[in-house]
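Below: the structure, in structure tokens.
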Amino acid sequence: LGYPLWCESVTGELPTALSSVGAAAAGVGCGALFNRERSRRSNQLNRMEKELNAESLEVKLPVNRAITSMRPTATLKQLKSKRRIV
């Protein structure tokens with residue numbers, strides 16, 4: 001974006017309209033790529049935060065009703081094994 005400002009002092013030539021438009025387009029493109037990467041990382045962090053918060057949820061374990069009516073509770077973190085629950 002600063003190409004028109006330093007072009008004359010570095011190259012000794014005046015910036016043309018085409019080079020100024022190209023520099024502006026490159027700046028907009030880099031900004032768009034940065035924004036896309038930022039939103040992807042933000043979504044991934046939100047997903048990871050939701051998964052970590054879900055580990056503290058309590059669930060009632062299924063039991064045979066003929067034996068007892070009491071259903072034990074456990075957190076998802078206690079039930080975590082090699083398979084993913086969430």
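All values below come from the heavy atoms of this structure, side chains included, with hydrogens, waters and symmetry mates left out. For clarity, every value in this text was computed on a predicted model and none was experimentally measured.
For residues 24-34, the set of pairs meeting the side-chain hydrogen bond (donor to acceptor under 3.5 Å, both in side chains) definition, not counting sequence neighbours, is empty. Applying the side-chain hydrogen bond (donor to acceptor under 3.5 Å, both in side chains) test to residues at least two apart or on different chains, none of the pairs has a partner in residues 22-31. Screening residues 24-39 for salt bridge (charged side-chain N to carboxylate O under 4.0 Å, His left out) gives Glu37-Arg41 as the qualifying pairs, with residues at least two apart or on separate chains.
In this view, Asn43 satisfies the side chain to side chain contact (heavy atoms under 4.5 Å, CB included) rule with no residue, not counting sequence neighbours. For Ser56, there are no side chain to side chain contact (heavy atoms under 4.5 Å, CB included) partners at least two apart in sequence or on another chain. Every side chain to side chain contact (heavy atoms under 4.5 Å, CB included) that Leu52 has, sequence neighbours left out, goes to Glu55.
With Asn46 as reference, Glu49 is the one residue of Glu49, Gln44, Met48 to meet the side-chain contact (heavy atoms from CB on, under 4.5 Å) rule.
Within 6.0 Å of the CG atom in Leu18, the count of heavy atoms belonging to other residues, nucleotides or ligands does not exceed 12.
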